[in-house]
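Structure first, commentary second.
Chain letters run A, B, ... following the sequence lines, proteins first and then strands; every chain starts at 1.
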Amino acid sequence: MKNLIISIKITILFCITLLLAYVLVLWLFAGLSTPNFGKVNTIKANNKIVGVENIGQNFSSEKYFWSRPSAVNYNGSGSGGSNKGVTNPNYLRDVSSRIDSFLIHHPYLKKSEVPSEMVTASGSGLDPHITIESAYLQVIRVAKARKVKPDEIKNIIDSVIETPIIGISVINVLKLNIAMDSKLNK
Amino acid sequence: MKTEIIGLLLQIGLTIMLSYPLGYYISKVYKGEKTFLDFLSPIENMFYRICRIDPKEKMNWKIFLITLLTVNFVWFFWGIILLVAQGVLPLNPDGNPSQSISQAFNTSISFMVNCNLQHYSGESGLTYFTQLFVIMLFQFITAATGMSAFAAMLKGMSAKTTHNLGNFWVYLIKSVTRILLPLSLIVGFLIIIGGVPMSFEGKQTLTTLEGQEQTISQGPVAAVVAIKQLGTNGGGFYGANSAHPLENPSYFTNMIEGIAIMLLPMAFIWTLGFYIKKHRFALGIFLVMLLPYLSSVSIAVGQEMRGNPKIEEMGISQHSGSMEGKEIRIGAGATALWAMSTTVTSNGSVNGMHDSLTPLSGMLAILNMQVNCWFGGVGVGFMNYYIFIIIAVFLSGLMVGRTPEFLGKKIEAKEMKIAIIITLLHPFLILCGTAIASYLAVSDPQLASAWLANPSFHGLSEMFYEFTSSSANNGSGFEGLGDNTNFWNISTGIVLIISRYLPIIGQIAIVGLLASKKYIPESAGTLKTDTSTFALMTFVVIIIIAALAFFPALTLGPIAEYLNL
């Protein structure tokens, strides 16, 4: 009985202590150290919020670079992968048809050039990035749709490459597409 | 490719380096010696005063266990009540509904036992109130429960003859204030700088560049993520766990979180050496744990970076590796490293979908959880290993014809019975659970198609993984399994309770029984436990038990899948 009362009291005390000494401290730290007071970083284009920095979006238009396939269709209020096993025949059929459709939209590519990340779904379904190689492969399609020289597009890609000190160099697809919209004047 | 490998080596090296001084510090905390955080003692005194705890009260192993179980019992109801009522409680800007009873039962148990199996998705299944005062609270205090049991074990092992295992409440409070809280603040600061959100705003709604509606969940993410990694909890804020780009926005945060997963489990082994003043003994244990961890990492990293052979057959480029269920910013190598770290410790957070791992990596993840003591959960990892030490001492004793002794105490029938029951419990729960589930799935095709996202061998692996993860109190999953049903909520809930409390009870009982025995000074006839021979012996015991119990089942699942590639 004595233990029961201590248990209840101690649980409430832990709640209060953690709220004051942990949650509020982190919250204040986020408010002071991040530009956005700990909220997600929104990205604007033409003074309108068009996305969140770290959350990928679905792109299907020919004039944009495409993101990876998503198991949740880039729904930011859910998240998750396909959870398909690597030997699942249905899954392999899906991948195969994604390869075909990627080749239809990029007829100048050989099949051996199609990168696996563009035909497989990410873990979160919200992956905001593609590799630099995957961006270069889409250049000719985008250049054709926008009626500009491929070199111009390549320069824009090079300007948005994010290279961390350690880790993998990535392209944020949303930022790349916004950069194109603003530099090429649509 | 090269930078990926360098990143992995750097991460593992840093973790080992940081774990050593931390282990020393923890040993001082549990011994009650002076540390640089002594300015926190007014907070602890306030706990003692308000709860009327006498910090000097001694507890024998029975009282210690009763106290531990009582507070856990209270937490169980605390969790259920808040989860069922969350819809009407404050801090719910998104208007998420309350959980159903069977789901709240599973969630509450799962977090109470430090497992963090999640049969809901954080974005819609919880509110900010329950994220903080059920999930985050439990991630602190249940990790502290395991740590307290470990502290009691240390006390029992170091004393000559005693009935006193220390005071549970003091261990519990100090584990939070002196170890988990300061570390979580540091990790929290780092990941906030790395871009993890920490706010109380509701969903952000916007129109994307191509004109679609997108809603983005946010919240006090950093507060949950820091402790979920440090306390080997693993329950994520979002459904996709640390694969989610807000929970783990960059390679940098991935590294910080990856270090946080392994840090305390590694540090506790050093703590053991400092506390009982047997550094060679601790080093031997550390190496026995490190080698299988590193071997599983190198195999998994190799497998994932090589890619999926089935996709290779299609003739496309796999320079990034097997990318199904993985994120570009993290990469195949770091995802494989994480998959091994999270399963050797009982963490269970994921940064890529384990269901889509290549068969051998998937198998290693399952095997790591089945052994459950290559570092293991905070505190409880070594406690599991301790049981294998007892068995190894007993076996070696039989082999050389001496009375089995460990740290100057005779190991007799009573301790051996408890040790064997605990050792067999893990395979029993996993294999029986999987057998029942497979039977149900086979006899009802509709059920099978509702449960399993994948056919054949991999479908079996999904069920096998779920019970293994539950019994190991891990919490990761082959998430293709449709597990938010009464069968899975209740069956895994029961497995979780048994597999958490029976081992703790047994381990503390053995320590208590041994501690109260007469101390026999070491002589020429004593079996030396701080030698490499004995370390190897323990390793062999573990492998034999795990292999004999689980290899038949592994053969039907991941190994068969691998052979069919």
Measure the [atom1]-[atom2] distance between [X] and [Y] for me, rounded to the nearest 0.5 Å.
| X | Y | atom1 | atom2 | value |
| --- | --- | --- | --- | --- |
| Asn172(A) | Ile161(A) | CG | CD1 | 12.5 Å |
| Leu69(B) | Phe168(B) | CG | CZ | 8.5 Å |
| Asn454(B) | Leu460(B) | CG | CG | 12.0 Å |
| Gln212(B) | Asn73(A) | CD | CG | 6.5 Å |

Would you mind checking which part of [X] comes under 4.5 Å of any heavy atom in chain B, side chain (CB onward), backbone (N, CA, C, O), both or neither?
| X | value |
| --- | --- |
| Tyr91(A) | side chain |
| Lys2(A) | side chain |
| Ser61(A) | both |
| Ile49(A) | both |
| Phe37(A) | backbone |
| Glu133(A) | side chain |

Given a strict heavy-atom distance threshold of 4.5 Å, which part of [X] is in contact with chain A: side chain, backbone, both, or neither?
| X | result |
| --- | --- |
| Leu10(B) | side chain |
| Lys326(B) | backbone |
| Glu324(B) | both |
| Ile141(B) | side chain |
| Leu8(B) | neither |
| Phe140(B) | side chain |
| Leu132(B) | side chain |
| Glu327(B) | both |
| Ala334(B) | neither |
| Gln214(B) | side chain |
| Glu479(B) | both |

Are [X] and [Y] linked by a side-chain donor-acceptor pair shorter than 3.5 Å?
| X | Y | answer |
| --- | --- | --- |
| Glu123(B) | Ser121(B) | yes |
| Thr87(A) | Glu561(B) | yes |
| Asn248(B) | Thr253(B) | yes |
| His105(A) | Glu62(A) | yes |

Angle between ring planes, [X] versus [Y], binned at 30° and 60°: parallel, tilted or perpendicular?
| X | Y | result |
| --- | --- | --- |
| Trp66(A) | Phe102(A) | perpendicular |
| Tyr238(B) | His244(B) | parallel |
| Trp27(A) | Phe200(B) | perpendicular |

I need the residue from [options] with the largest number of non-hydrogen atom pairs under 4.5 Å to chain B.
| options | answer |
| --- | --- |
| Asn41(A), Ile55(A), Leu4(A) | Ile55(A) |
| Gly81(A), Ser112(A), Pro164(A) | Ser112(A) |
| Ala45(A), Gly80(A), Ala71(A), Gly51(A) | Gly51(A) |
| Ile130(A), Val52(A), Asn3(A) | Asn3(A) |
| Leu26(A), Val170(A), Ile166(A), Ile8(A) | Leu26(A) |
| Cys15(A), Pro115(A), Pro89(A) | Cys15(A) |

Pick whichever of [options] has the most heavy-atom pairs under 4.5 Å with chain A.
| options | answer |
| --- | --- |
| Leu246(B), Thr358(B), Val350(B), Ile193(B) | Leu246(B) |
| Phe478(B), Trp169(B), Phe252(B) | Trp169(B) |
| Asp355(B), Ile328(B), Ile192(B) | Ile328(B) |
| Leu565(B), Asn351(B), Thr177(B), Leu137(B) | Leu137(B) |
| Gly195(B), Ser320(B), Gly7(B), Gly352(B) | Ser320(B) |
| Ala222(B), Ser184(B), Gly239(B), Gly188(B) | Ser184(B) |

> Quick one: are the ring centres of Phe457(B) and Tyr562(B) less than 6.0 Å apart?
Replying inline: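 Not under 6.0 Å, so no.
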> So Asn88(A) and His458(B), side chain to side chain contact (heavy atoms under 4.5 Å, CB included) or not? Walk me through it.
Replying inline: CA-CA 8 Å; Asn88(A) 186 333; His458(B) 198 83; over 6 Å; no
>> Looking at Ala453(B), is its backbone amide N or carbonyl O close enough to the side chain of Glu462(B) to form a donor-acceptor pair, meaning the two atoms are under 3.5 Å apart?
In response: yes
> Do the side chain of Thr131(A) and the main chain of Ser134(A) share a donor and acceptor less than 3.5 angstrom apart?
Replying inline: yes
> So Phe47(B) and Thr17(A), side chain to side chain contact (heavy atoms under 4.5 Å, CB included) or not? Walk me through it.
Replying inline: CA-CA 10 Å; Phe47(B) 268 86; Thr17(A) 313; 3.4 Å; yes
> Are Glu152(A) and Arg146(A) close enough for a salt bridge, meaning some N to O gap below 4.0 Å?
Replying inline: no
